[in-house]
Amino acid sequence: MWAFFERLLDSSTLSPHGICLLWEPELIWLHVLSDAVIALSYFSIPVALSIFVSKRRDLDFGFIFWAFALFITACGFTHVLSIVTLWVPVYGIEGLIKALTALASIVTAVILWPLVPKLLALPSPAQLRLAEAALAQEGRHRREAEDMLRHAQKMEAIGQLTGGVAHDFNNLLTIISGNIEIAQRSLNFWSEASRDRMTRAIANAASGAQRATTLTQRLLAFARRQPLDPRSINVNQLIGGMSEFFRRTVGENIDLKIVDGAGLWQVEVDPSQMEAAILNLVVNAKDAMSDAVTDGKGKLTIETGSAFIDESYSLHNADIAVGHYVQISVSDTGTGMSREVQAKAFDPFFTTKEPGQGTGLGLSQVYGFVKQSGGHVKIYSEPGEGTTIKIYLPRADVVSSAVKESEQPVVGGLGSETILVVEDEADVRAYLVETLRDLNYRVREAAEGAAALALLEAEPFRIDLLLTDIVMPGMNGRQLADALNRRQPELKVLFITGYSRNAVVHQGRLDAGVSLLQKPLTQAMLAAKIRELLDKPIGASGQAAVRS
């Protein structure tokens with residue numbers, strides 16, 4: 001082996017390559033410069049590759065760069081030997097360098113070819129840009145979803161606060177309104193001069209109490225503490241029945257257009273709350289077009305239609321589920337809303353109107369009603385381009401027959417019927433007791449559930465009707481009704497409440513067969529509802545469905 005290398009490296013019998021070029025200077029230097037430039041280039045490439053691989057340690061195929069760098073370095077040395085052999089015939093060394101280069105090329109090729117499919121699977125720059133854009137869009141959607149979540153949490157916190165405040169106000173308003181009624185019934189005992197003066201004062205007080213009642217009902221609607229009495233209705237028919245009222249509300253200078261969707265599905269909502277929500281949207285649109293009304297160019301459009309919410313819309317609006325909905329759009333050509341105003345539009349008491357021109361509860365009532373009904377509400381608006389508010393209400397699965405309103409006259413009792421009144425607010429209880437006695441009923445009273453049961457234990461008596469508040473300390477109204485119903489299965493029950501806290505309400509809706517009056521109460525409301533219940537045969541729907 002050693003003799004082979006001695007013969008291979010022996011150049012004593014060989015001639016330099018320059019002889020073949022006849023030592024022509026031009027040819028000699030052409031070869032020298034060309035090989036030198038190629039060698040320098042080959043040597044620079046491994047340096048660049050080594051720097052790149054050392055800086056990018058996250059590369060999955062870094063070893064292929066080192067193999068390629070070794071191959072390129074060997075190629076560089078072959079060109080250096082091409083320069084040397086022009087004068088020194090070391091062809092053996094040149095051959096060994098070429099052999100090493102060939103080996104490096106084989107190793108590099110063996111490593112490279114199996115990696116080709118994996119390298120092709122790597123994303124291209126265009127694909128990376130698309131992925132970056134998709135990630136950016138997903139980030140925006142995530143931020144929007146987080147903003148919506150924070151907004152929903154804020155609205156829920158405000159709703160809990162306003163619900164509690166409205167409950168207390170309803171108790172106060174019951175006392176105020178009830179005593180105003182008592183004062184009105186007592187006017188016959190006054191002198192004529194004093195009677196006129198007191199009539200005006202009582203009328204003003206009653207008007208103020210009614211306005212306060214409307215405000216508390218809107219607060220409860222926003223807080224989603226308003227017990228709903230849902231019925232299967234056709235929105236086209238409901239809006240059609242209110243069309244003339246809408247026209248009188250918006251005036252002659254606004255062009256009102258109602259577009260009924262064909263084949264509209266039924267929805268199961270509380271009709272009165274639905275009417276109030278649409279009326280609030282109409283009034284809000286009218287106020288937004290005050291300048292247009294002056295120019296006689298205002299346009300208000302109420303449009304209905306069936307809609308399907310797909311996964312993409314539901315993904316970007318997490319508070320609405322995929323499914324079939326009835327859509328109600330109220331569009332105006334008014335001043336429009338900025339992004340900042342849209343973000344606060346459903347907040348209670350937020351308004352852009354002048355002081356004294358609005359309470360800021362109209363849109364919050366719409367929001368509360370729609371959410372409590374399992375729907376979704378969305379604002380589309382640009383400053384100067386008008387506003388469209390879209391309501392989505394779930395399609396009703398079953399069409400139920402409409403409940404006929406009672407047409408019984410408001411009358412008092414027969415004188416032999418006993419009503420047990422259970423109310424923890426002393427002033428409210430006093431008003432109820434006095435009002436029921438004026439209506440010719442026998443009345444027994446208790447301040448809470450435990451006291452009512454103790455009263456019956458001490459002095460058993462028959463109860464024709466239980467009139468009880470729902471929210472009370474200790475035993476609530478529903479629990480009291482259940483306890484008394486076990487004693488007297490045919491007992492009829494009428495609940496009263498400022499808001500229910502789900503005692504007789506499931507997902508914002510009254511339990512089947514439950515009779516409920518919302519505070520504040522009036523003598524007419526009590527008389528009509530009590531007479532309706534007492535005149536129903538035992539076992540009729542809605543008489544006292546309080547069994548657990």
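Numbers here simply count residues along the sequence, with the first being 1. No hydrogens, no waters, no symmetry mates; every other heavy atom, side chains included, goes into these values.
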### Query
Any side-chain heavy-atom pair from Met274 and Ile328 closer than 4.5 angstrom?
yes
### Message
If you define the side chain from C-beta out and look only at heavy atoms, does anything of Ser50 sit under 4.5 Å from Trp66?
### Response
yes
#### Entry: Student check: side-chain heavy atoms of Thr85 and Val90 closer than 4.5 Å
yes
### Message
With rounding to the nearest 0.5 angstrom, report the CD1 to OG1 distance, Ile45 to Thr73.
### Response
9.5 Å
### Query
For Glu382, does its backbone N or O pair with a side-chain atom of Ser338 as donor and acceptor, under 3.5 Å?
no
### Task
Please check if the side chain of Asn284 supplies one atom and the backbone of Asn280 the other of a donor-acceptor pair under 3.5 Å.
no
### Message
Within a 6.0 Å radius of atom CZ on Phe245, are there more than 12 heavy atoms belonging to other residues, nucleotides or ligands?
### Response
no
#### Entry: Nearest-0.5 Å distance, OG of residue Ser44 to CG of residue Leu49
9.5 Å
### Test: Lys344 and Glu340 ion pair at under 4.0 Å
no
### Query
Under 3.5 Å, side chain of Gln327 to main-chain N/O of Lys390, donor-acceptor pair present?
no
### Query
Does the side chain of Tyr325 reach to within under 4.5 Å of the side chain of Val267, using non-hydrogen atoms?
no
### Query
Can you name the nearest heavy-atom pair linking Ala39 to Val80, along with the distance?
CB-CG2, 3.9 Å
### Query
Quick check: does any side chain N or O of Thr78 sit under 3.5 Å from a backbone N or O of Lys98, one acting as donor and the other as acceptor?
no
### Query
Closest approach of Leu393 and Ser373, non-hydrogen atoms and distance?
CD2-CB, 4.2 Å
### Task
Apply side chain to side chain contact (heavy atoms under 4.5 Å, CB included) to His376 and Lys371, showing your working.
CA-CA 6 Å; His376 176 67; Lys371 292 299 180 183; 3.7 Å; yes
### Query
To the nearest 0.5 Å, how far apart are CD1 in Ile93 and CG in Leu81?
7.0 Å
### Query
Which pair of heavy atoms, one from Ala345 and one from Ile379, lies closest together, and at what distance?
CB-CD1, 3.6 Å
### Message
Are Leu363 and Leu281 packed together at the side-chain level, in the sense that at least one heavy-atom pair is separated by less than 4.5 angstrom?
### Response
yes
### Message
Could you tell me if the side chain of Tyr380 sits less than 4.5 Å from the side chain of Thr387, heavy atoms only?
### Response
no
### Query
Parallel under 30°, tilted from 30 to 60°, perpendicular over 60°: which one fits the rings of Phe308 and His324?
tilted
### Query
What pair of heavy atoms forms the shortest contact from Gly374 to Pro394, and how long is it?
O-CG, 3.2 Å
### Query
Mind checking whether Leu264 and Ser306 have side chains closer than 4.5 Å, heavy atoms only?
yes
### Query
Can you list the steps and then say if Tyr392 with Val370 is a side chain to side chain contact (heavy atoms under 4.5 Å, CB included)?
CA-CA 8 Å; Tyr392 297 87; Val370 172; over 6 Å; no
### Query
CG/Leu27 to NE2/His17 distance, rounded to the nearest 0.5 angstrom?
10.0 Å
### Message
Among Leu300, Thr333, Asp332, exactly one meets side-chain contact (heavy atoms from CB on, under 4.5 Å) together with Ile254. Which residue is that?
### Response
Leu300
### Task
Begin from the C-alpha positions of Ile278 and Leu238 and carry the test side chain to side chain contact (heavy atoms under 4.5 Å, CB included) through to its verdict.
CA-CA 10 Å; Ile278 297 177; Leu238 182 141; 4.0 Å; yes
### Message
Looking at every heavy atom in both Gln266 and Ser232, which two are closest together, and how far apart are they?
### Response
NE2-OG, 3.5 Å
#### Entry: Nearest-0.5 Å distance that lies between atom CG in Leu256 and atom OG in Ser243
8.0 Å
### Criterion side chain to side chain contact (heavy atoms under 4.5 Å, CB included) on Glu303 and Ser331, from CA distance to verdict
CA-CA 8 Å; Glu303 186 174 0; Ser331 304; over 6 Å; no
### Query
Would a 4.5 Å heavy-atom cut-off, applied to side chains only, mark Leu516 and Ile470 as touching?
yes
### Message
Please check: side-chain N/O of Asn236 versus main-chain N/O of Gly261, any donor-acceptor pairing under 3.5 Å?
### Response
yes
### Query
How long is the span from the CH2 atom in Trp29 to the CD atom in Glu24, to the nearest 0.5 Å?
14.5 Å
### Task
Quick one: closest heavy-atom pair of Thr101 and Phe71, and the distance?
O-CD1, 3.9 Å
### Query
Any donor-acceptor pair under 3.5 Å linking the side chain of Ser34 with the backbone of His31?
no
### Task
Ignoring hydrogens and angles, tell me if any N or O in the side chain of Tyr91 forms a donor-acceptor pair with the backbone of Ser15 under 3.5 Å.
yes
